[in-house]
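This report refers to the structure that appears directly beneath it.
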Amino acid sequence: MDEFEEAVRELGIADPAVVEMRRRMQRGLEIGLISNGEVPRVEHTRLNLGDGEVLHLEEPAVYVREAETGLRRSTGKIIATNAKFRFVGGAGADLPWSRIVEVRPEYTNIVISTTARRGSGIYEVSDPEYVAAVLTGAMRKARRTAVTPAQRDSRSVPAAVRTEVWQRDGGACVECQATEYLEFDHVIPWSRGGATSAGNLQLLCRRCNLKKGARI
């Protein structure tokens, strides 16, 4: 984004296409972050949630599924929390994230695959990319939590920390100054208790990161 804005300033471009490109880049960045687990939190809802449940999405949807008599459509609502995926409607579904295999946008719909018969199928929603991103992010976050319930610090790097480290290291590998295939490296390895903080992170290219390995 910074390189894009700098190029626009240097070239002095004033065109509606620039505005649209900026919007699409910001949208892509938002979708990517959400898909990786930085899911939104819905604070105000009339839903009755369980103890410890956090609401991430409440979205009107039409569930389209195959039945013996042909395709059946059920109007309802997709609900995603930190604990489970639900579809509240004519053909309801209530599944923990461990039962969700895949969520993907497809044209004007999202397609959900589960390990159960109930819940699998096509869902018509107003913003397929966003809904799929939230569901995917919630699923990934739930699975990371399930694997390491007592973990004091997450290995994934929050967006604000990534930005701080990137700016501090000038968008280049701190070892060889390469600007391609960059990765965020824990100076004190995460496996040895190193924190996921700006003070313990640095930019390394893939080659230097592989060379360093789990050494300090």
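Because the structure is a prediction, the values reported are computed rather than measured. For reference, positions follow the sequence shown, starting with 1.
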### Message
Are Leu95 and Val134 connected into the same hydrophobic cluster when the rule is that any two of I, L, V, M, F, W, Y join if their side-chain heavy atoms are below 4.5 Å apart?
### Response
yes
### Query
Any salt bridge between Lys141 and Glu38, counting N to O under 4.0 Å?
no
### Query
Do Thr115 and Arg99 meet the criterion of a side-chain donor-acceptor pair at a distance under 3.5 Å?
yes
#### Entry: Donor-acceptor contact present, side-chain Asp15 to main-chain Ala17, <3.5 Å
yes
#### Entry: Steps toward salt bridge (Lys or Arg N to Asp or Glu O under 4.0 Å) verdict (Glu102, Arg104)
CA-CA 7 Å; Glu102 181 189 27; Arg104 68 178 187 276; 3.3 Å; yes
### In one Ile/Leu/Val/Met/Phe/Trp/Tyr side-chain cluster, 4.5 Å: Val42, Val131
no
### Message
Quick check against the 3.5 Å criterion: does His56 have a side-chain atom that pairs as donor or acceptor with the backbone of Ala80?
### Response
no
### Task
Answer yes or no: is there an ion pair linking Glu124 with Arg73, defined by an N-O contact shorter than 4.0 Å?
yes
### Query
Got a sec: does the CG of Asp2 have more than 12 other heavy atoms crowding it under 6.0 Å?
no
### Query
Do the side chain of Ser113 and the main chain of Val101 share a donor and acceptor less than 3.5 angstrom apart?
no
### Query
If only atom types and distance count, is the side chain of Asn209 paired as donor or acceptor with the main-chain N or O of Cys205 below 3.5 Å?
no
### side-chain contact (heavy atoms from CB on, under 4.5 Å) between Ile79 and Phe85, worked out
CA-CA 6 Å; Ile79 297 169; Phe85 162 84; over 6 Å; no
### Message
Taking salt bridge (Lys or Arg N to Asp or Glu O under 4.0 Å) as the definition, give me every residue that meets it alongside Glu58, ordered by chain and number, with sequence neighbours left out.
### Response
Lys77
### Neighbour count >12 (heavy atoms, 6.0 Å) for atom CE, Met25
yes
### Task
Measure the shortest side-chain to side-chain distance between Pro128 and Asn109 over non-hydrogen atoms and say whether it is less than 4.5 angstrom.
no
#### Entry: Single-linkage hydrophobic cluster, 4.5 Å side-chain cutoff, Val62 and Ile78 together
no
#### Entry: Check: Tyr123 and Val64 side chains under 4.5 Å, non-hydrogen atoms
no
### Task
State, with a plain yes or no, whether a side-chain heavy atom of Leu203 is found less than 4.5 Å away from one of Asp185.
no
### Task
May I ask you to decide if Ser35's main-chain N or O and Arg140's side chain share a donor-acceptor pair within less than 3.5 Å?
yes
#### Entry: Verify same cluster id: Ile122, Leu71 (apolar side-chain graph, 4.5 Å)
yes
Please set out all donor-acceptor pairs under 3.5 angstrom arising from side-chain atoms of residues 158-165, sequence neighbours excluded.
unit_1, atom_1, unit_2, atom_2, d
Arg162, NH1, Val157, O, 2.4
Thr163, OG1, Ala159, O, 3.1

### Query
Is any side-chain heavy atom of Val174 closer than 4.5 Å to a side-chain heavy atom of Leu204?
yes
### Message
Counting C-beta onward and ignoring hydrogens, is there a side-chain heavy-atom pair between Val54 and Thr81 closer than 4.5 Å?
### Response
no
### Query
Do the charged groups of Glu6 and Arg9 touch, with an N to O distance under 4.0 Å?
no
### Message
I'd like to know if Val88 and Val103 are part of one continuous hydrophobic network [Ile/Leu/Val/Met/Phe/Trp/Tyr, side-chain heavy atoms within less than 4.5 Å].
### Response
no
#### Entry: Glu180, CD atom: more than 12 neighbouring heavy atoms under 6.0 Å
no
### Message
Would you say CZ of Arg168 has more than 12 non-hydrogen atoms from neighbouring residues, nucleotides or ligands within 6.0 angstrom?
### Response
yes
### Message
Assess whether a salt bridge exists between Lys211 and Glu175, defined as any Lys/Arg side-chain N lying under 4.0 Å from an Asp/Glu carboxylate O.
### Response
no
### Query
Does atom CZ of Arg207 have more than 12 heavy-atom neighbours, drawn from other residues, nucleotides or ligands, at distances under 6.0 Å?
no
